[in-house]
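This one's a predicted model, so the numbers in the text were calculated from it and none came from an experiment. Index from 1, following the sequence. Reckoned from all heavy atoms, side chains included, excluding hydrogens, waters and symmetry mates. Counting starts at 1 for both ligands and their atoms, following the listed order.
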Amino acid sequence: MKSILLIHGPNLNMLGKRDKNHYGDLTLESLETLVTDEASKHDIEVDSFQSNHEGILIDFLQEKSEHAQGIIINPGALTHYSYALHDALADTGIPCVEVHLSNVENREEWRKVSVTAPACIAKISGKKENGYIEALELLIQKI
Ligand code: DQA
């Protein structure tokens, strides 16, 4: 069975309590269920992981990517400055789609910059949870 990694960066464990205008009202658990259920219709298994710590996310990628075919990642604020996460994503050698719940193009200037997106095949933002479904559809075409 094919499998993908669904990775959430810092503060995404607080979904449901964070600004709903930006991030919607789903909890992280409901978001994971949504993606897992959709993926199972295509016989794809989802391995979900959240951490508030850059190095722990990198450890997870290094450990799990060998046995996965694709990655959906919302790196949270690490998007905007983590070259280490960029390199870890690039090193996996498998396709990755970056997702942001909010419209990062339409907020503070610093949120427009993604240092991780160049390691991904696509970046989707501003579509709340629907962005994850779109990311899954993109990955399905590649894996
Ligand atoms: C986010 C956007 C980031 O700028 C922010 O730091 C987050 C969430 C999003 O999903 O819109 O934590 O990645």
Student: Quick one: does any side-chain atom of N52 pair with a main-chain N or O of N11 as donor and acceptor, under 3.5 Å?
Tutor: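 Checking the backbone N and O of N11 against the side chain of N52, a donor-acceptor pair under 3.5 Å is found.
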
Student: Using atom types as modelled and distance alone, determine if a side-chain donor or acceptor of K127 lies under 3.5 Å from a backbone N or O of Y132.
Tutor: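 A pair under 3.5 Å: no.
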
Student: For atom 1 (C) of ligand 1, what is the nearest protein heavy atom, given as residue, atom name and distance?
Tutor: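 I find the closest protein heavy atom is H100 ND1, 3.7 Å.
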
Student: Among all protein non-hydrogen atoms, which one is nearest to atom 8 (C) of ligand 1, and what is the separation to 0.1 Å?
Tutor: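 The answer is Y23 CE2, 3.5 Å.
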
Student: Could you point out which residue of R111, K123, K112 forms a salt bridge (charged side-chain N to carboxylate O under 4.0 Å, His left out) with E105?
Tutor: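 Of the listed residues R111, K123, K112, the salt bridge (charged side-chain N to carboxylate O under 4.0 Å, His left out) partner of E105 is K123.
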
Student: Ignoring hydrogens and angles, tell me if any N or O in the side chain of Q50 forms a donor-acceptor pair with the backbone of G9 under 3.5 Å.
Tutor: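 Side chain of Q50 to backbone of G9, a donor-acceptor pair under 3.5 Å: yes, one is there.
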
Student: Within the structure, is a non-hydrogen atom of N11 found at a distance of less than 4.0 Å from ligand 1?
Tutor: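 So N11 does not count as touching ligand 1.
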
Student: Using a 3.5 Å distance criterion without hydrogens, assess whether the side chain of H80 forms a donor-acceptor pair with backbone atoms of V113.
Tutor: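 Yes; judged by distance alone, with no hydrogens or angles, the pair exists.
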
Student: Counting from 1, what ligand 1 atoms have a heavy atom of N74 closer than 4.0 Å?
Tutor: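 Answer for ligand 1: 1 (C), 9 (C), 10 (O), 13 (O).
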
Student: So, K2 side chain and Q69 main chain: donor-acceptor pair closer than 3.5 Å or not?
Tutor: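 It does not hold such a pair.
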
Student: How far is atom 2 (C) of ligand 1 from its nearest protein heavy atom, and which residue and atom name does that atom have?
Tutor: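 Protein heavy atom at minimum distance: V104 CG1, 3.7 Å.
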
Student: Side chain, backbone, both or neither: which part of R111 has a heavy atom under 4.0 Å from ligand 1?
Tutor: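 The part of R111 near ligand 1 is the side chain, not the backbone.
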
Student: Can any side-chain N or O of T79 pair as donor or acceptor with the backbone N or O of G76 at less than 3.5 Å?
Tutor: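 Yes; judged by distance alone, with no hydrogens or angles, the pair exists.
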
Student: Rounded at 0.5 Å granularity, tell me how far CG in N106 sits from NE2 in H22.
Tutor: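 N106 atom CG to H22 atom NE2 measures 9.5 Å (nearest 0.5 Å).
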
Student: Nearest heavy atom to atom 11 (O) of ligand 1 wins, so pick from G126, S102, S114.
Tutor: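 It is S102 that holds the nearest heavy atom.
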
Student: Look only at interatomic distance and state if A77 has a nitrogen or oxygen under 3.5 Å from any nitrogen or oxygen of ligand 1.
Tutor: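 Yes, there is a polar N/O contact under 3.5 Å.
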
Student: Below a 4.0 angstrom heavy-atom separation, can you tell me which part of H22, side chain or backbone, both or neither, approaches ligand 1?
Tutor: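 For H22, there is no contact with ligand 1 at all, from either part.
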
Student: Below 3.5 angstrom, do we get any N/O pair linking R107 and ligand 1?
Tutor: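 By distance alone, the answer is no.
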
Student: Between the side chains of S30 and T27, does any donor sit under 3.5 Å from an acceptor?
Tutor: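 The answer is yes; a qualifying pair exists.
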
Student: What protein heavy atom sits nearest atom 9 (C) of ligand 1, and how far away is it?
Tutor: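 That would be L101 N, 3.4 Å.
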
Student: Considering only heavy atoms, which of E98, H8, R18 lies nearest to atom 12 (O) of ligand 1?
Tutor: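 Shortest heavy-atom distance from atom 12 (O) of ligand 1: R18.
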
Student: Do any N/O atoms on H80 end up under 3.5 angstrom from N/O atoms on ligand 1?
Tutor: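 Yes - when backbone and side-chain N and O of H80 are compared with those of ligand 1, one distance drops under 3.5 Å.
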
